[in-house]
2 protein chains.
Amino acid sequence: MMKVDDSKNKLSLAELLNTKGFVEHVSVDCVIFGFNKDELKVLLLKYHEVDRWSVPGGFVFKDESLDDAAARTLYERTHLENLFLQQFYTFGSVNRTDENNPHRQLLKSLNLTVDPDHWIYQRFISTAYFALIDFTISHTFPDTNNEVCAWFSVDDLPEMAFDHEKIVKKGLDFLRLNLDYNVVGSNLLPEKFTMKELQTLYETILGEKFRRNNFQRKVLSLNMLQRLEKLYTGSANKAPYLYKFLKK
Amino acid sequence: MMKVDDSKNKLSLAELLNTKGFVEHVSVDCVIFGFNKDELKVLLLKYHEVDRWSVPGGFVFKDESLDDAAARTLYERTHLENLFLQQFYTFGSVNRTDENNPHRQLLKSLNLTVDPDHWIYQRFISTAYFALIDFTISHTFPDTNNEVCAWFSVDDLPEMAFDHEKIVKKGLDFLRLNLDYNVVGSNLLPEKFTMKELQTLYETILGEKFRRNNFQRKVLSLNMLQRLEKLYTGSANKAPYLYKFLKK
DNA sequence: TCAAAAGTGTTTGCTTTACACCCATGT
DNA sequence: ACATGGGTGTAAAGCAAACACTTTTGA
């Protein structure tokens, strides 16, 4: 978990860009996966003045670690906090910011002026993080005049800025390879959940089906779950047990 | 494999630092593991004027990708090329370059002058790569007056600059988790090798022992090896087969 | 009493591990 | 002949997949 320090928010973006508050040529991006029912989605943002969608991210303060910058920029743009953010790759090709770069358009529409050869118009490298959350929990996305937040199916991404489509796809690959109980147990499910919910979660993320009984045996053998009371839903079938993750 | 483009070498370091040839605040580092007999080593460099050892690395040109910068800086400092370099983590804490920073000492001894608040004295982030080679192949390390190259056991590292000990340790963790036939088959063994050599390689890197026959069955079942002629060593025992990796 | 969905047990088959034996080679 | 190390076969153990049956619940 990362603590968000937003003491820097008092400075405007223009001030920050012009007073060298940021580390030049460096950014962070966060791929936030949302899970609900049987769908895996990704959280994207779009500036109203710009055609293309981005993953939440931003620049890094000179006295701020990459990890902290990821947590902070995510919070500023989505109000999500205390997520289990994990670094997965740093994108550093030369031309990754050349195509579909919304910066000029954005700064112009904000009436911000920076030097025409300011580094934000040039090449910069970006370290990418990912996290998983349950997207049915009602998040109050910040109400700014600049941008809008929305969930997209990972199978049906819109036109995206920069190389952000590549970032999302690589994040998804990484997630599938590194899906473990730390990730799943962190933000994805409510505190109490049924075995079927856990199974659907795995099936959705990994894109494959498991057998009910074998899945249960496997997951219980890891001794990471505690069985709780039964859940009576009112439906005409046996009530399933609820479980919760044990702290290790 | 990465192609090395050293057209930039004509500019001196001082010129590069002062003419903004580099991307500010960004560097790359390469953890080169060497394998021989039953030892896993790591290649380190030391400037003569500086007490502490570093992994080979350097700064990134403005028109150069991170991957290319890793290959280039490695080549410049060790003359190693065509290695299978793989990115594994980006180190971005605020104070990682504060401690044991050899830059002032180094530039002074080189009689290079840069602005006292030049970014190389400040914080910078570093993307780390690793590769594996057979360190018995005689490498002609470049003969510079500035630095010396040497192999160190991963279990017995010397005093290191910056956070490079942490980088080596994380690289080793990553290597052990991601040891596959692409890595092993790339630079580690001679073209023809015995099953025992391959087994020793795995045992050395992973730090555990396997049974001769079971290891052989497992590795042959992957259909990645081609059996060649026998190797007569002159010793009083059955001659082992040689193998080579199949191109996939 | 029935359908739906969850819980639990058992059988089967495969992969990994362990043990055993045989073969080639130079002294 | 014999010691040394490599090649190969087989039994035992462990794990995962598939299948079958029982239990609970509300209509």
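Residue pairs satisfying the salt bridge (Lys or Arg N to Asp or Glu O under 4.0 Å) criterion with at least one member in residues 183-207 of chain B, sequence neighbours excluded, are listed as follows: B:Lys192-B:Glu229, B:Glu203-B:Lys209. Under the side-chain hydrogen bond (donor to acceptor under 3.5 Å, both in side chains) criterion, the residue pairs touching residues 160-177 of chain A are A:Arg96-A:Asp163, with sequence neighbours excluded.
The side-chain contact (heavy atoms from CB on, under 4.5 Å) test applied to A:Ser27 returns A:Asp29, A:Phe59, A:Phe124, A:Ser126, not counting sequence neighbours. The ring-ring contact (aromatic ring centres under 6.0 Å, His included) search around B:Phe245 returns B:Phe193, not counting sequence neighbours. For A:Thr233, the side-chain contact (heavy atoms from CB on, under 4.5 Å) partners are A:Leu231, A:Ser235, not counting sequence neighbours. For A:Glu39, the side-chain contact (heavy atoms from CB on, under 4.5 Å) test picks out A:Lys41, with sequence neighbours left out. A:Tyr241 pairs by the ring-ring contact (aromatic ring centres under 6.0 Å, His included) definition with nothing, not counting sequence neighbours. For A:Phe130, the ring-ring contact (aromatic ring centres under 6.0 Å, His included) partners at least two apart in sequence or on another chain are A:Phe174.
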Give every pair of a protein N or O atom and an N or O atom of nucleotides 1-4 of chain D that lie under 3.5 Å apart, one pair per line with the distance.
unit_1	atom_1	unit_2	atom_2	d
D:dT4	O2	B:Ala236	O	2.7

Could you write out each protein N or O paired with an N or O of nucleotides 12-14 of chain D at a distance under 3.5 Å?
none

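Between B:Glu147 and B:Lys46 no salt bridge is recorded (no basic side-chain N to carboxylate O distance below 4.0 Å).
In this model, the phosphate group of C:dA6 is not approached by any side-chain N or O of A:Gln216 to a distance below 4.0 Å at OP1 or OP2. Residue A:Tyr232 places at least one side-chain N or O under 4.0 Å from the OP1 or OP2 atom of D:dT25. Distances shown here put a side-chain N or O of A:Arg211 below 4.0 Å from the OP1 or OP2 atom of D:dA18.
Nearest to the side-chain atoms of B:Asn214 among the listed nucleotides D:dT25, D:dG7, C:dT17 stands C:dT17. Closest to the side chain of B:Asn213, from the set D:dT8, D:dG6, C:dG7, is D:dT8. Picking from D:dT25, C:dT17, D:dG7 the nucleotide with the shortest atom distance to the side chain of A:Lys230 gives D:dT25. For A:Arg227, the listed nucleotide lying nearest its side chain is C:dT8; candidates were D:dA18, C:dT8, D:dT25.
Put simply, CG on A:Leu231 is 12 Å from C1' on D:dT25, counting in whole angstrom units. Taking atom CZ of residue B:Phe193 and atom P of nucleotide D:dG6, one finds them 15 Å apart after rounding to whole Å. The distance from atom NZ of A:Lys209 to atom C1' of D:dA16 is 20 Å, rounded to the nearest whole Å. The interatomic distance linking B:Glu229 (CD) with D:dG7 (P) rounds to 13 Å, in whole Å. Taking atom CZ of A:Phe210 as the reference point, atom P of D:dA18 lies 12 Å away to the nearest angstrom. What separates CZ of B:Phe215 from C1' of D:dG6 is a distance of 15 Å, to the nearest Å.
Contact record, B:Cys149 with B:Thr78: SG-CG2, 4.0 Å, taken as the closest heavy-atom pair.
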Show me the donor-acceptor pairs, under 3.5 Å and distance only, between side chains in residues 215-222 of chain A and residues at least two apart or in other chains.
unit_1	atom_1	unit_2	atom_2	d
A:Arg217	NH2	A:Asn214	OD1	3.1
A:Ser221	OG	A:Lys218	O	2.7

Nucleotide-resolved protein contact map, nucleotides 11-16 of chain C, B/S/- at heavy-atom distance under 4.0 Å: ------
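Below the 3.5 angstrom threshold, one finds no donor paired with an acceptor across the side chain of B:Arg212 and the base of D:dG5.
At a threshold of 4.0 angstrom between heavy atoms, the contacts of B:Ser235 are confined to the sugar-phosphate backbone, with no base atom among them.
In this structure a side-chain-to-backbone donor-acceptor pair under 3.5 Å is missing from A:Arg227 to A:Leu242.
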